[in-house]
*Asks:* 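The structure follows.
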Amino acid sequence: MSTASPESQAFTARTLLYLPGLDGTARLLHRQPGLHAAYDVVCQPYPQNEPQTYDSLAGLAAAALEARRTPAHPRAVVLAESFGGGVALTLALKRPDLIERLVLVNTFAYFPVRWLIRLGAFFGPLLPAKPSNPLSRPMRGFFFFPPGTSAAEQAAWWDRTADVPMRAFGYRLRILAGLDLRSQLHKITLPALVVTAPNDRVVPPSAGRELARLLPNAKLLQMRTGHAALIYPRLDVARLLAEARW
């Protein structure tokens, strides 16, 4: 797996940039082996110890793509999930020249449950600079995983994000509360695949459907993956990209 700060070298494979969800670690693409086989995968983490904006995070993504850009492959696929969708859409508005197509998984241009996100934004600054207590995993797992997800799979997910300070979630909830790109989506004419899960307990699937409706060149794919869609065996992003019927 590639890092987001590559050494100066020639890249021969097409680039795929992964923008993670609220955890910001970029470590949760481990169940998509086809992507790592077919692409130069760049997993872009977010800062964990300082406030951000969608513009600043999109700037990090643009820098990562600029570093990988070659005459043979001047544009990249951008894969984003959950919170990362706002980063991908901001990047697409600012630097469409860097993007070949978008894959947007369980995400939104506007989070519709306003009372919940405002509550998270209000309490965000009060969250401590330490990771979440492992005892909270079963409760959080109810929201993230669909029924039938094995205990081992869930443990692998949590272990990969166990070091994220709760304050980092607070930073990102605050900027998420101010996100509303709906009026600008008509400007994003890139091919896009929008994946939503009818059984997603974190992001209302209506938000994904609205995103697909407002993007001019988008296809909607609905799968019962739960929120943690990229670990779902039937969601093979490499295969969807190879088919490229969108």
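As a basis for the values below, the full set of heavy atoms in this structure was taken, side chains included, without hydrogen atoms, waters or symmetry mates.
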*Asks:* So that I can tick it off, tell me whether Asp163 and Arg27 are bridged by a salt bridge, with the cut-off set at under 4.0 angstrom between side-chain N and carboxylate O.
*Replies:*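 Judged by the 4.0 Å cut-off on N to carboxylate O distance, Arg27 and Asp163 do form a salt bridge.
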*Asks:* Pair up each side-chain donor or acceptor in residues 16-23 with any protein partner under 3.5 Å, not counting sequence neighbours, and list the distances.
*Replies:*
residue, atom, partner, partner atom, Å
Tyr18, OH, Glu81, OE2, 2.4
Asp23, OD2, Thr25, N, 2.8
Asp23, OD2, Thr25, OG1, 2.5

*Asks:* Are the side chain of Arg167 and the backbone N or O of Leu127 linked by a donor-acceptor pair below 3.5 Å?
*Replies:*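 Side chain of Arg167 to backbone of Leu127: a pair is present.
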*Asks:* Looking at Asp97 and Arg69, is there a salt bridge between them, counting it only when a charged N and a carboxylate O are closer than 4.0 Å?
*Replies:*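 Asp97 and Arg69: salt-bridged.
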*Asks:* Can the positive tip of Arg201 be found less than 6.0 Å from the middle of the six-membered ring of Phe143, inside 45° of the ring normal?
*Replies:*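 Here Arg201 fails the 6.0 Å and 45° test against Phe143.
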*Asks:* Can you tell me if CZ on Arg95 sees more than 12 non-hydrogen neighbours from other groups inside 6.0 Å?
*Replies:*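 Yes, CZ of Arg95 has more than 12 neighbouring heavy atoms, counting only those of other groups under 6.0 Å.
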*Asks:* Taking all heavy atoms of Arg174 and all of Ala121, pick out the closest pair and write down the distance.
*Replies:*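 Reported closest heavy-atom pair: CG-O, 3.7 Å.
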*Asks:* Using every non-hydrogen atom in the two residues, find where Ile231 and His30 come nearest and quote the distance to one decimal.
*Replies:*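 Of all heavy-atom pairs spanning Ile231 and His30, the closest is CG2-CE1, 4.1 Å.
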*Asks:* Would one find more than 12 heavy atoms of other residues, nucleotides or ligands at under 6.0 Å from atom CZ of Arg234?
*Replies:*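 Open.
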*Asks:* State, yes or no, whether a side-chain contact exists between Arg118 and Leu116 at a heavy-atom distance under 4.5 Å.
*Replies:*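 They are not in side-chain contact.
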*Asks:* Which value, rounded to the nearest 0.5 Å, describes the distance between Leu98 atom CG and Leu190 atom CG?
*Replies:*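 Here the interatomic distance stands at 10.5 Å.
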*Asks:* Can you name the nearest heavy-atom pair linking Pro45 to Leu60, along with the distance?
*Replies:*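 Heavy-atom minimum between the residues: O-CD1, 4.4 Å.
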*Asks:* Check whether any side-chain N or O of Ser136 sits under 3.5 Å from a backbone N or O of Asn133 as a donor-acceptor pair, and report yes or no.
*Replies:*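 Judged by distance alone, yes, a pair lies under 3.5 Å.
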*Asks:* Would you say Val78 and Glu100 make side-chain contact, with heavy atoms under 4.5 Å?
*Replies:*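 No. Closest side-chain heavy atoms not under 4.5 Å.
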*Asks:* If only atom types and distance count, is the side chain of Gln32 paired as donor or acceptor with the main-chain N or O of Leu235 below 3.5 Å?
*Replies:*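 Yes, the answer is positive, given that a donor and an acceptor are paired below the 3.5 Å cut-off.
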*Asks:* With under 30° as parallel and over 60° as perpendicular, where do the rings of Trp157 and Phe144 fit, or are they tilted in between?
*Replies:*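 The rings of Trp157 and Phe144 sit tilted, inter-plane angle from 30° to 60°.
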*Asks:* Under a 4.5 Å cut-off applied to non-hydrogen side-chain atoms, are Thr107 and Val195 in contact?
*Replies:*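 Counting from C-beta outward, Thr107 and Val195 never come under 4.5 Å.
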*Asks:* I'd like to check Leu29 versus Leu230 (side-chain heavy atoms, cut-off strictly below 4.5 Å). Are they in contact?
*Replies:*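 Answer yes - side chains close enough.
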*Asks:* State the CG-CD distance between Leu57 and Gln44, to the nearest 0.5 angstrom.
*Replies:*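 So the gap between those two atoms works out to 8.5 Å.
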*Asks:* Taking the six-membered ring for Trp, are Phe83 and Phe111 closer than 6.0 Å centroid to centroid?
*Replies:*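 Phe83 vs Phe111: aromatic centres not under 6.0 Å.
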*Asks:* Below 4.5 Å, heavy atoms only, C-beta onward: do Lys219 and Val194 meet side chain to side chain?
*Replies:*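 Contact flag for Lys219/Val194 side chains = no.
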*Asks:* Distance alone, cut at 3.5 Å: any donor-acceptor contact between the side chains of Ser82 and His227?
*Replies:*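 Yes, His227 and Ser82 have a side-chain donor paired with an acceptor closer than 3.5 Å.
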*Asks:* For the pair Thr90 (side chain) and Gly86 (backbone), establish whether a donor and an acceptor sit closer than 3.5 Å, ignoring hydrogens and angles.
*Replies:*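 A pair under 3.5 Å: yes.
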*Asks:* Look at Arg68 together with Asp40 and state whether they make a salt bridge at an N to O cut-off of under 4.0 Å.
*Replies:*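 Yes, this pair counts.
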*Asks:* Mark yes or no for whether Asn106, through its side chain, and Gly226, through its backbone, hold a donor-acceptor pair below 3.5 Å.
*Replies:*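 The answer is yes, because a donor-acceptor pair under 3.5 Å joins these two groups.
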*Asks:* Is any side-chain heavy atom of Leu102 closer than 4.5 Å to a side-chain heavy atom of Ile188?
*Replies:*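 When only atoms from C-beta onward are counted, Ile188 and Leu102 do touch, with a gap below 4.5 Å.
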*Asks:* Atom CD1 of Ile117 and atom CG of Leu179: how far apart are they, to the nearest 0.5 Å?
*Replies:*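 Reported value, rounded in 0.5 Å steps: 9.5 Å.
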*Asks:* Is there a donor-acceptor pair under 3.5 Å between the side chain of Gln52 and the backbone N or O of Tyr46?
*Replies:*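 Side chain of Gln52 to backbone of Tyr46, a donor-acceptor pair under 3.5 Å: no, none is there.
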*Asks:* Report yes or no: does Asp200 contribute a side-chain atom to a donor-acceptor pair with the main-chain N or O of Val203 at less than 3.5 Å?
*Replies:*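 Present.
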*Asks:* Would Gln48 and Arg172 count as having a side-chain donor-acceptor pair, cut-off 3.5 Å?
*Replies:*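 Checked: Gln48/Arg172 side chains pair up, N/O donor to acceptor below 3.5 Å.
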*Asks:* Are Tyr171 and Leu126 connected into the same hydrophobic cluster when the rule is that any two of I, L, V, M, F, W, Y join if their side-chain heavy atoms are below 4.5 Å apart?
*Replies:*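 No, because Leu126 and Tyr171 fall into different hydrophobic clusters, even though each may have its own neighbours under 4.5 Å.
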*Asks:* Considering only heavy atoms from C-beta outward, does the side chain of Leu240 approach that of Leu221 to under 4.5 Å?
*Replies:*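 Counting from C-beta outward, Leu240 and Leu221 do come under 4.5 Å.
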